[in-house]
Amino acid sequence: MARDPFRAAAARVRRLRIRRTGGAPVASPRPFARALGLVTVVLFGAWLGLLAVGSVRTTVGPMDTTMTLRPSLSGGTKINVSPLGALELDSHRAPVRLDVDVDRLDPVRSESLVQHPERLSGLEDEVTGDVAAGTRELALRSCVAVVSGATALGLAVYRRPRRALAAGGLALALLAASGVSAYATWNPKSVLEPRFSGLLSSAPSVVGDARSIVTDFDVYQRELARLVTNVTKLYDATSTLPVYSPDPATLRVLHVSDIHLNPAAWHIIGSLVEQYDIDVIIDSGDTMDHGAAVENSFLDPVGDLGAPYVWVRGNHDSAITQKYLEHAKRFKNVHVLDGGRAVNVGGLRVAGIGDPEFTPDRTGPEQAEDVERTAGLRLAAALRDQQRAGTPVDIAVTHEPAAARETDGTVPLVLAGHVHHRQNEVMKLGTRLKVEGSTGGGGLRAVQNKKPEQVLASVLYLDRATRRLQAWDEITLGGLGLTTAEVSRHLPEGKPAGATPSPFRFG
């Protein structure tokens, strides 16, 4: 009887495997482990491919740039303008981030634009076309990079062409899925809420104020194109950026809070007042730490800040602190608000109430929350009285957010502090509550912590005619001993358009 050739071949394979393993049984790898291994090879190989060849050098207007795709958990776009800093946009949500590095300025093209301003009219289209062309080339090169990287690593690991091709195909599928995700989550309005770092933290004052950015995006784009032509001058500057002509129809309010005896805060506030041409400073309390009379001299720089200073008492500020600010002759620019008192300052009507609690040791009675709510109800009653008298309040100020919440429906905007982190919400009856973090980085006690707190402040842009909030910049500094800086622009939800944009002046 002839032997079955298939059985004979199977027997030879079994004998060969037994000889190779010394007689030990051979277990086939589990499907899950095989799949996990393949995914690991694909991701690592695709990453290596992007590092090796996943970049494109392209011209954007007068600049030579490098565009690169990077693996990322959050996506977005980052534009690096060395040595000025970086600009980050929440442009998309996908596992890849677009990095754009400005390598250098072409002196011939830059000089041509500076000498022939009429060419600015076509610069926007030129820049848009350059970016689109560079993005297409980057997409093609990235496909080649991830497929080549995954295939090469798959061949090195598995030593089987079919497995290597499978790794390359899976890498291409993952890149395509990332592209679809980026397209589906593309946010063209992300440029309205950029995050600036480095010297570019001054960029909000460069590209315009609230009205121009909110109401006319086309003009905003043209002004950004004009800004590109001034980068040559920016490289020559040491610590300043071009300035703009402020819109007379916009009020700028600097909101600070919880300074806690940090003397560095006065320098920061003074710089922001000058840089943003601030109309009014509003301090929502806890300027001091213990409220003792010996601390009063810490307040002396307030008189030299160059803008009206509206202040309410925090739970670390004593009656001694408040009396010093109210009666010292050097504080001609200071307006202390308490008991719902309202003042007209800088084109705005502001009312506030001091914190009813004084807890310098950071403790208090169990009924503290009820006391704060009572203070908030008292402020709300004063706001309604102002409304009935025909002198409605534009901004209310308290220290505790719990008190601020009681003003819902009686004022468009209420400011608070106390919690050392930012909060922003539109409450049930339409009042927007904005809570600022610590402008003193938690105060001098911050040096006792392993990691210093960030220094936080905000610039609020209000329409001078309606006194309604148009936009705001959140300013974040890296805290004691750190040098990082970031500015994020934000817009109220459902912001209407239609106003005339403001003029700009670059220099």
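Keep in mind it's a predicted model, so treat the numbers as computed, not measured. Index from 1, following the sequence.
- Side chains of Thr287 and Val256 form no contact here, defined as non-hydrogen atoms less than 4.5 Å apart.
- Using a 4.5 Å heavy-atom threshold, the side chains of Arg422 and Leu456 count as touching.
- Ring geometry, His260 versus His420: the interplanar angle falls from 30° to 60°, so the pair is classed tilted.
- Partners of Thr58 according to the side chain to side chain donor-acceptor pair (under 3.5 Å) rule, which considers only residues two or more places apart in sequence or in another chain, do not exist here.
- For Leu73, the CG atom counts as loosely surrounded, since its 6.0 Å shell holds 12 or fewer non-hydrogen atoms of other residues, nucleotides or ligands.
- The line from CD1 of Ile282 to OG of Ser458 is 11.5 Å long, rounded to the nearest 0.5 Å.
- The shortest non-hydrogen separation linking Gly440 to Asn262 is O-ND2, 2.8 Å.
- The CD1 atom of Ile79 sits 8.5 Å away from the CE atom of Met67 when rounded to the nearest 0.5 Å.
- Between the Thr40 side chain and the Leu36 main chain, a donor and an acceptor come within less than 3.5 Å of each other.
- Side-chain contact check for Gln454 and Thr476: no donor-acceptor pair (N or O, by modelled atom type) lies under 3.5 Å.
- Using modelled atom types, one side-chain atom of His316 and one backbone atom of Asp289 make a donor-acceptor pair closer than 3.5 Å.
- Side-chain contact check for Leu462 versus Thr250: every heavy-atom pair is 4.5 Å or farther apart.
- Ser178 approaches Ala94 most closely through the heavy-atom pair O-CB, 3.7 Å.
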- Verify side-chain contact (heavy atoms from CB on, under 4.5 Å) between Leu433 and Asn424, making sure each step is shown before the conclusion. CA-CA 6 Å; Leu433 168 63; Asn424 173 57; over 6 Å; no
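- For Glu274, the salt bridge (charged side-chain N to carboxylate O under 4.0 Å, His left out) test picks out no residue, with sequence neighbours left out.
- Within the 4.5 Å cutoff, no side-chain heavy atoms of Phe44 are placed close to those of Val41.
- The two atoms that bring Gly168 and Val147 nearest to each other are O-CG2, 3.8 Å, heavy atoms only.
- For Asp408, there are no salt bridge (charged side-chain N to carboxylate O under 4.0 Å, His left out) partners at least two apart in sequence or on another chain.
- With respect to Asp286, the side chain to side chain contact (heavy atoms under 4.5 Å, CB included) criterion is satisfied by exactly one of Leu261, Ile259, Thr439, Asn315: Asn315.
- Using the six-membered ring where Trp is involved, His92 and Trp186 have ring planes that are parallel, under 30° apart on the 30 and 60° scheme.
- Side chains of Lys434 and Glu436 form no contact here, defined as non-hydrogen atoms less than 4.5 Å apart.
- Of the possible donor and acceptor atoms, none in the side chain of Thr431 sits under 3.5 Å from a partner among the backbone N and O of Met427.
- Separating the CG atom in Leu48 from the OG atom in Ser148 is a distance of 12.0 Å, to the nearest 0.5 Å.
- Looking at heavy atoms from C-beta onward, Arg70 lies in side-chain contact with Thr68 at the 4.5 angstrom threshold.
- Residues meeting the salt bridge (charged side-chain N to carboxylate O under 4.0 Å, His left out) test with Arg405, sequence neighbours left out: Glu425.
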In residues 153-161, what donor-acceptor pairs under 3.5 Å come from side-chain atoms, sequence neighbours left out?
unit_1: Tyr158; atom_1: OH; unit_2: Leu38; atom_2: N; d: 3.3

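- Inter-residue side-chain proximity for Val100 and Thr66 is flagged as unmet; no heavy-atom pair is nearer than 4.5 Å.
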- Carefully, step by step, assess Val42 and Leu174 under the rule side-chain contact (heavy atoms from CB on, under 4.5 Å). CA-CA 9 Å; Val42 167; Leu174 290 176; 3.8 Å; yes
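- Scored by the salt bridge (charged side-chain N to carboxylate O under 4.0 Å, His left out) test, Arg163 finds no partners at all (sequence neighbours excluded).
- In this structure, CG in Leu251 is found 12.5 Å from CZ in Arg468, a value given to the nearest 0.5 Å.
- Annotation for Ala471 and Leu491: closest pair CB-CD2, 3.7 Å, computed over non-hydrogen atoms.
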- Item | CA sep, side-chain torsions, deciding dist, call: Asp90, Thr77, side-chain contact (heavy atoms from CB on, under 4.5 Å) | CA-CA 7 Å; Asp90 292 326; Thr77 299; over 6 Å; no
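- Distance alone, capped at 3.5 Å, is enough to place a donor-acceptor pair between the Asp258 side chain and the His418 backbone.
- The CD1 atom of Ile269 lies 6.5 Å from the CG atom of Asp283; values are rounded to the nearest 0.5 Å.
- Under a 3.5 Å cut-off, the side chain of Arg432 and the backbone N or O of Leu415 do not form any donor-acceptor pair.
- With contacts defined as side-chain heavy-atom distances shorter than 4.5 Å, the pair Val253/Ile278 does not qualify.
- For the pair Ser257 and Ser284, the tightest heavy-atom approach, listed with the atom from each and the gap, is OG-OG, 2.8 Å.
- Of all heavy-atom pairs spanning Arg97 and Gly75, the tightest one is CG-O, 3.7 Å.
- Going from atom CG of Leu138 over to atom OG of Ser55 covers 7.5 Å, rounded to the nearest 0.5 Å.
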- Start with the C-alpha gap between Val414 and Ile395, add the side-chain angles, then the distance that decides, and say whether side-chain contact (heavy atoms from CB on, under 4.5 Å) holds. CA-CA 6 Å; Val414 60; Ile395 301 177; over 6 Å; no
